[in-house]
Amino acid sequence: MIVLSYASMEELHTLRKKIENRMQQAYLDENLDIPYVDDYKLLLLQTLFGQANLPDKQQTDYIVTIMLIQIALDTHDLVIRKTKADETADERVDRQLTVLAGTYYSALYYKILAELEDIDMVALLATAIKEINEQKMVLYYDTASAAEFFHILRRMESTLFYAAASPFIKTKELEPLVDYFIISRLNQEAFMNEPTPITIRLGIILEQNQSTLTVTEAINQELEEASARLTRNLRTMPQVYAAAARKLLLQGKRQEELYLEEG
């Protein structure tokens, strides 16, 4: 949970509820886990469109659409984890439902985009989705080292935001934020209860390179390095984005303390 002012928490809670309401589908809700909504990406999108001075409804529609795109992309990734040669009938149904859920969320964001009648934003987001899918192919099938893996992951996690931001701010001003996205993603990965496509692939790379690091150690090492880079870059980014980055860094420290206590 993000530590914010009361007003900001209320706004984020409202946005989260709108996203969750859009995702509701009785059969999927009954048979699959609730998709993860990244509060830190939500916070950054809220900051972006709030600074753009767009009408409230347009801000909300953009944010909900972009988060649904992210959820759809993440849901499709789960099929990688679930697919295996000796799957049981129940596992096959679960995998098929996961594919269906990803397709359902994709259809939702295309529907909202069509309702927006914003051809320029549709084109930007469609290009970003294509780039992300290309980056995924490299990430999961063509990375040879942990350093390369984290570099691609950093790009993949930030592509959608930079595409959405490009009409409203020079993206060069936001380049120092790139580590924000990998920190948010790796914080999420570090506290998952089961292997994910990210941790499975990273484990394979570490084994192929005969690394002495475990997956957890490699993630923690990257988190430390990315946090140090983001901290150094706080002064070079617009203040409102620096404030969001500080919240992420603060939460990361609190999560690390909790992890050490539980460990």
Side-chain angles (χ1 to χ4, degrees), residues 1-26 28-29 34-76 101-133 157-171 173-174 177 180-181 184-185 188 237-248 251:
M1 178 60 67
I2 299 176
V3 180
L4 297 171
S5 68
Y6 178 76
S8 296
M9 287 184 67
E10 284 293 298
E11 291 169 8
L12 279 179
H13 177 73
T14 299
L15 285 168
R16 173 182 269 275
K17 288 301 295 180
K18 287 180 182 293
I19 294 164
E20 291 172 349
N21 289 340
R22 280 282 192 168
M23 289 191 300
Q24 282 183 345
Q25 206 286 334
L28 293 178
D29 292 346
I34 298 173
Y36 178 80
V37 179
D38 189 331
D39 282 340
Y40 292 101
K41 286 182 177 174
L42 190 55
L43 171 62
L44 218 54
L45 289 170
Q46 181 193 35
T47 302
L48 169 66
F49 293 119
Q51 290 293 301
N53 293 319
L54 298 174
D56 289 347
K57 184 181 184 305
Q58 190 175 13
Q59 288 187 44
T60 299
D61 286 344
Y62 279 157
I63 292 170
V64 171
T65 298
I66 292 165
M67 291 303 295
L68 283 173
I69 292 173
Q70 187 65 61
I71 290 164
L73 291 167
D74 291 346
T75 301
H76 281 301
T103 304
Y104 174 68
Y105 302 142
S106 298
L108 282 178
Y109 69 68
Y110 279 123
K111 179 177 183 294
I112 299 172
L113 283 174
E115 291 170 353
L116 286 176
E117 298 182 350
D118 187 337
I119 296 174
D120 291 338
M121 183 60 78
V122 171
L124 285 170
L125 295 179
T127 299
I129 293 166
K130 177 177 178 292
E131 290 176 1
I132 290 168
N133 284 327
E157 288 295 308
S158 60
T159 292
L160 199 57
F161 175 79
Y162 285 137
S166 60
F168 308 105
I169 186 172
K170 293 179 181 178
T171 51
E173 294 182 31
L174 300 180
L177 265 176
Y180 180 104
F181 298 94
S184 179
R185 180 58 184 259
Q188 173 191 346
M237 65 183 73
Q239 289 186 1
V240 289
Y241 295 100
R246 287 189 181 93
K247 292 181 177 72
L248 174 67
Q251 186 66 17

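Because the structure is predicted, anything quoted here is derived from the model rather than measured.
- Ile69 contributes atom CD1, which lies 4.0 Å from atom CD1 of Ile129 (distance to the nearest 0.5 angstrom).
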Check: Between Leu12 and Arg16, is a side chain to side chain contact (heavy atoms under 4.5 Å, CB included) present by the stated rule, with each step listed?
Finding: CA-CA 6 Å; Leu12 279 179; Arg16 173 182 269 275; over 6 Å; no
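- A 4.5 Å side-chain heavy-atom check between Leu124 and Ser166 finds at least one atom pair inside the cut-off.
- Expressed to the nearest 0.5 Å, how far CD of Gln70 lies from CD1 of Ile19 amounts to 11.0 Å.
- Side-chain contact check for Tyr162 versus Leu174: some heavy-atom pair is nearer than 4.5 Å.
- Put simply, the side chain of Gln46 reaches to within 4.5 Å of the side chain of Leu43, judged on heavy atoms.
- Thr60 has its side chain out of reach of Phe49: every pair of non-hydrogen atoms, C-beta onward, lies at least 4.5 Å apart.
- Note on Asp74 versus Arg185: salt bridge recorded, some NZ/NE/NH1/NH2 to OD/OE distance being below 4.0 Å.
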Item checked: Worked check of side chain to side chain contact (heavy atoms under 4.5 Å, CB included) between Leu177 and Leu44 -> CA-CA 10 Å; Leu177 265 176; Leu44 218 54; 4.2 Å; yes
Check: Can you check side chain to side chain contact (heavy atoms under 4.5 Å, CB included) on Leu48 and Ile63, steps first, answer last?
Finding: CA-CA 10 Å; Leu48 169 66; Ile63 292 170; over 6 Å; no
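- Annotation: the span from Phe181 atom CZ to Asp38 atom CG amounts to 9.5 Å, rounded to 0.5 Å.
- Shown here for Leu125 and Ala164, the closest heavy-atom pair between the two residues is CD2-CB, 4.4 Å.
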Next item on the list: Output, in order, the C-alpha distance, side-chain angles, deciding distance and verdict of side chain to side chain contact (heavy atoms under 4.5 Å, CB included) for Val240 and Gln51.
Entry: CA-CA 9 Å; Val240 289; Gln51 290 293 301; 3.6 Å; yes
